[in-house]
4 protein chains.
Amino acid sequence: MENDEERRKPGRPRDATVDDAIMDAVVDLLTEFGFRGLTIDAVAHRAGVGKATIYRRWSSKEALVLDAWMACYPVEAVPDTGSLTGDLIAHSRQFRDAVTTGVFGRVLPQMVAAARVNEDLAEVFRRLVAERRARVRVALDRAVERGELSAGVDLELVQDLLIGPLFYRTLMSGEPSSDELIAEVVAIVLAGVLSTAG
Amino acid sequence: MENDEERRKPGRPRDATVDDAIMDAVVDLLTEFGFRGLTIDAVAHRAGVGKATIYRRWSSKEALVLDAWMACYPVEAVPDTGSLTGDLIAHSRQFRDAVTTGVFGRVLPQMVAAARVNEDLAEVFRRLVAERRARVRVALDRAVERGELSAGVDLELVQDLLIGPLFYRTLMSGEPSSDELIAEVVAIVLAGVLSTAG
Amino acid sequence: MENDEERRKPGRPRDATVDDAIMDAVVDLLTEFGFRGLTIDAVAHRAGVGKATIYRRWSSKEALVLDAWMACYPVEAVPDTGSLTGDLIAHSRQFRDAVTTGVFGRVLPQMVAAARVNEDLAEVFRRLVAERRARVRVALDRAVERGELSAGVDLELVQDLLIGPLFYRTLMSGEPSSDELIAEVVAIVLAGVLSTAG
Amino acid sequence: MENDEERRKPGRPRDATVDDAIMDAVVDLLTEFGFRGLTIDAVAHRAGVGKATIYRRWSSKEALVLDAWMACYPVEAVPDTGSLTGDLIAHSRQFRDAVTTGVFGRVLPQMVAAARVNEDLAEVFRRLVAERRARVRVALDRAVERGELSAGVDLELVQDLLIGPLFYRTLMSGEPSSDELIAEVVAIVLAGVLSTAG
DNA sequence: CGTTAAGCGAGACGGTACGTCGTGTCTTTGT
DNA sequence: ACAAAGACACGACGTACCGTCTCGCTTAACG
C-alpha cells in the first residue's frame, strides 16, 4: 500500500498563488492581443514570474493557453425545462454564447488549430468536448425516459445535428445565430429524428 | 473614350510565372511541413525567388497560404443524380473528403483561425464559402422545381444543417464521418425540413 | 587617321544634363546623410532618373560618390606670395580648409576607406593626390630657383612633412589645426630641411 | 558603508568566455574577408553564438569591429636606446609596421571612417591615440631631462610632425615608408625643432 | 539548527524566423 | 539605343520569441 499521504517531495514546494497569477496574466493578454500576440515573455512579466517557472508547469505555449482558456469555458448544467425542445434550445443558446463571446470564443479557432497539430492538446480538447456532450446527454436521456424520444434514436448524432450548424455558422460563414434560428434548428432536427426513427 | 485596356503601368510588369512558382512551393511545403513548419525563406528558396518578391504580392504568411490553400479546394459541380437525397449525399461526401484529406483539410483549421484574426482573410474566406454554397443552392433549387421541397423552406438553413455536423465532427470531436453517417444526416434533415414546413 | 568627327554611335545619345542632375543629387544626399546613409535608390529618385541610368555611367556606389566628391575639391592654384614660407602657409591653409569643412572633408575618410578596398578608386585617388602635389611642386621649384632651397632637397618629402601633420590631426587625433600651428609647422620643417641639407 | 564590490545584478551574469569567442571570430573574419566582407551572422556562427548575444554587447558592427581591432594594436613600450634619435626611429618603425601590416593596418581606414560618423567610436578612438602618444611622451621627456631637447619645445607638435608623414603616406599617397625615410624624417624634424626653438 | 533540495525572479544563452532594405541586373513602354 | 519605372535574385540587417541555462535568493522538510 501507498503512504497515507503520498510522500512529500523534498525541497521548496510550488507556490500555488503563482499558478493563479499566470492564468490571470494569460487571460488578460489573450483578451488584449489574442493568441498570436501572446508571448511567454509577456506572460512572465505581467505575472511577475520567471519564464522557467512557467515552463516548469506547462510544456508549451499551446498547453498554457489551453489551460487558461478552458478555465473560461462557462460550464453550466443543461436546465431541466420540462420539455426536450426547451432543454435543447436552452443549451444551444449557452453554446452559441460561449462560442461567440468573451475570451473563450475569441480563442476557440486558435485552439482548434493548435489541437490539430499537437496530440496532447487534441486529447485535452476531446475531453472538453466529451464533458459538454455528457451534460447534454443527461437531457436527452431524460427525454427518452419521458417517451419524447424513442429508444432507437442515435443520441450522439442528435448532438452533432444540433451543435454542428451553430459551430459552422460561427467559424465558417461568420453569420450570427439568433434565438429564432436556434429554435428552428431544434424543431427541424427533432422532427427529422422522430419521423426517421419511426 | 477609355483605352481599350486601362493604361499600362510604367516599369517592368510583374512576372506571372513567379506567382505560380510561389504557389507551387507553398503547396509543396505545406504538404511536407504543415502550416507551422512553413517559412517564407523556404518558400522563396524553393520557388527560386527573393523574399521581397513574395512580400510585394502578399502582406503576410497567412495571406500567402490562404491563396495557395484555396487553390487546393476541389471545386466540383454538385452532380445531378435525379433525386435531392442523392445530390445532397454526393455533395456531403465531396465536402467531407475535401475537409478530411489532402493539403486543404490539413490546413483548414489554421486558416479558420487566421481568418478570425485578420479581416482581409475573413473576407476571402467568406467568398470561398459563398461560392460553395451557391453550387449547392443549384441542387436545392432544382428540388424545389421538382416539388421535392416546398417553396417556403429556408434553403440556406438546410445547408447549415447538412454541412454543420460534418464540419463539427471533423474539427471538434475529431470523429470521422462515414458514408452511412452522411446518409443518415441527409435523411434526418430532409425529413425534418419537410415535416416542419408542412 | 580617325574620322573627321569620330563615328556617331547609333541610337539615342546620352543626355548630358542627366549627369549633372545625378551629381547634384549625390552631393545633396552626401551632405544630408553622409556616405553610409546614401543609397542608389535615393540618388535615382532625387535626380528623377532610373537606377539603370546611373549604373550605365558608374560601376558602383563608390565610383559614383568619388566622382561627385572630387568635384567638391576646391582646386586653387598655390599663390605666389614671394616667399616660400608664405606660399607653403597659404597652401597648408587651403588644405586644412578643404579637409575640415564642407562635403569634401566630411566624406574624405569614407573615400580613404573605400580606396583601400577598391583598386579602381585607389587609382583615381592617387591621381587626385598627385595633381595637388604637382601644384605645390611649382611653388617649391620656384623656391629652388630663387635659392631658398638647395637643389639637393627631396621636395616630395617636404610635402609629406608639411601635409602629413595636418592630415593626421584631422583624422586621428581630431584636433584642429590653427593658423599659428600651420605657421609653426612650416617654420620647423623648412628649418629642418635647410639645416639637414646643408 | 558600501558593499566591498557593488551589488551583483540579478539574473544570469554574462558569460565572459563568449566575449572572447566573439572577438576571436571577428579577428578571424576580418583577416579573411576584410571589413566589408564581415557579417554579423558570420561572426555569430563562427563564435557559436546567437546574434542577439552580440547585439546585447555591441550596438553596431562598427563598435564590434573597433573593439576587436583595438585588441590587435601591438602595444609596445618605446625602447630606451640612449639617444632621442634612436628612440624616435624605433617608435616610428613600430608605428609604420602597425599601420601597414596585419589586421590592424588593413582595417585602420574603415575605423577612421566609422569614427568620423559615430561619436562613441570617436571617443574610443581618441583614447587609443592618446595612449600611444603618452608612451612616446615618455621618451621625449627623457630627452628633455638629458638636455637633448630644450624645455620650450612643444612635444605634442613633435609627435604630429613625426607620425603625420607616415600616416599620410600610408593612407593618402599609398607609398611605403622605408627605414631610410623614417631616419630622414626624424633627422629633419629634430633639426627643425632644435634650430627653431633656439 | 543547519543541511539539502527544490522553487523562485531575473535575465543571458543558442537558435530560428521574421519583415525590411540595399545592390546591381533585367524587362517593360515610351522617346 | 537611351530613358523612367519598377520588378527581380540575392543576401545582410536588426528584432522578436522560443525554450534552456545559470545566477543568487528563498522556503520548507529532514537529520
Quick one: does [X]'s side chain have a donor or acceptor within less than 3.5 Å of a partner on [Y]'s backbone?
| X | Y | result |
| --- | --- | --- |
| Gln110(C) | Ala113(D) | yes |
| Thr31(C) | Val27(C) | yes |
| Arg116(B) | Arg106(A) | no |

For atom [atom1] of [X] and atom [atom2] of [N], their distance in whole Å:
| X | N | atom1 | atom2 | result |
| --- | --- | --- | --- | --- |
| Tyr55(D) | dC17(F) | OH | C1' | 17 Å |
| Lys61(B) | dG19(E) | NZ | P | 9 Å |
| Leu64(D) | dC13(F) | CG | P | 10 Å |
| Ile40(A) | dC18(F) | CD1 | P | 5 Å |
| His45(A) | dC17(F) | NE2 | P | 13 Å |
| Arg12(A) | dC25(F) | CZ | P | 14 Å |
| Trp58(D) | dC13(F) | CH2 | P | 15 Å |
| Arg57(D) | dA12(E) | CZ | P | 9 Å |

[N] phosphate, OP1 or OP2: any side-chain N/O from [X] under 4.0 angstrom?
| X | N | result |
| --- | --- | --- |
| Thr53(D) | dG14(E) | yes |
| Arg36(A) | dA16(F) | no |
| Arg56(A) | dC8(E) | yes |

> What is the ring orientation for Trp69(D) with Phe104(D), classed by angle as parallel under 30°, tilted 30 to 60°, or perpendicular over 60°?
Replying inline: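 Aromatic pair Trp69(D)/Phe104(D) classed parallel.
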
> Closest nucleotide of DNA chain E for Arg14(D) versus for Lys51(B): which of these residues is on the 5' side?
Replying inline: Arg14(D)

> On DNA chain E, nearest-nucleotide positions of Ser59(B) versus Pro10(B): which is more 5'?
Replying inline: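 Its nearest nucleotide lies further toward 5', so the answer is Ser59(B).
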
Candidate nucleotides [options], ranked by approach to the side chain of [X] - the nearest:
| X | options | value |
| --- | --- | --- |
| Thr39(D) | dA17(E), dA6(E), dA12(F) | dA12(F) |
| Val18(D) | dC18(E), dC10(F), dG14(E) | dG14(E) |
| Asp41(C) | dG22(E), dG11(E), dC26(E) | dG22(E) |

> How do Gly11(D) and Ala44(B) order along DNA chain F: which one's closest nucleotide is nearer the 5' end?
Replying inline: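 Final value for this comparison: Ala44(B).
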
>> Let me spell it out: for each of Ala47(B) and Ser60(A), pick the nucleotide of DNA chain F with the closest heavy atom. Which residue's pick is nearer the 5' end?
In response: Ala47(B)

> Do Lys61(B) and Phe35(B) meet the cation-pi criteria used here (NZ or CZ under 6.0 Å from the six-membered ring centre, within 45° of the axis)?
Replying inline: yes

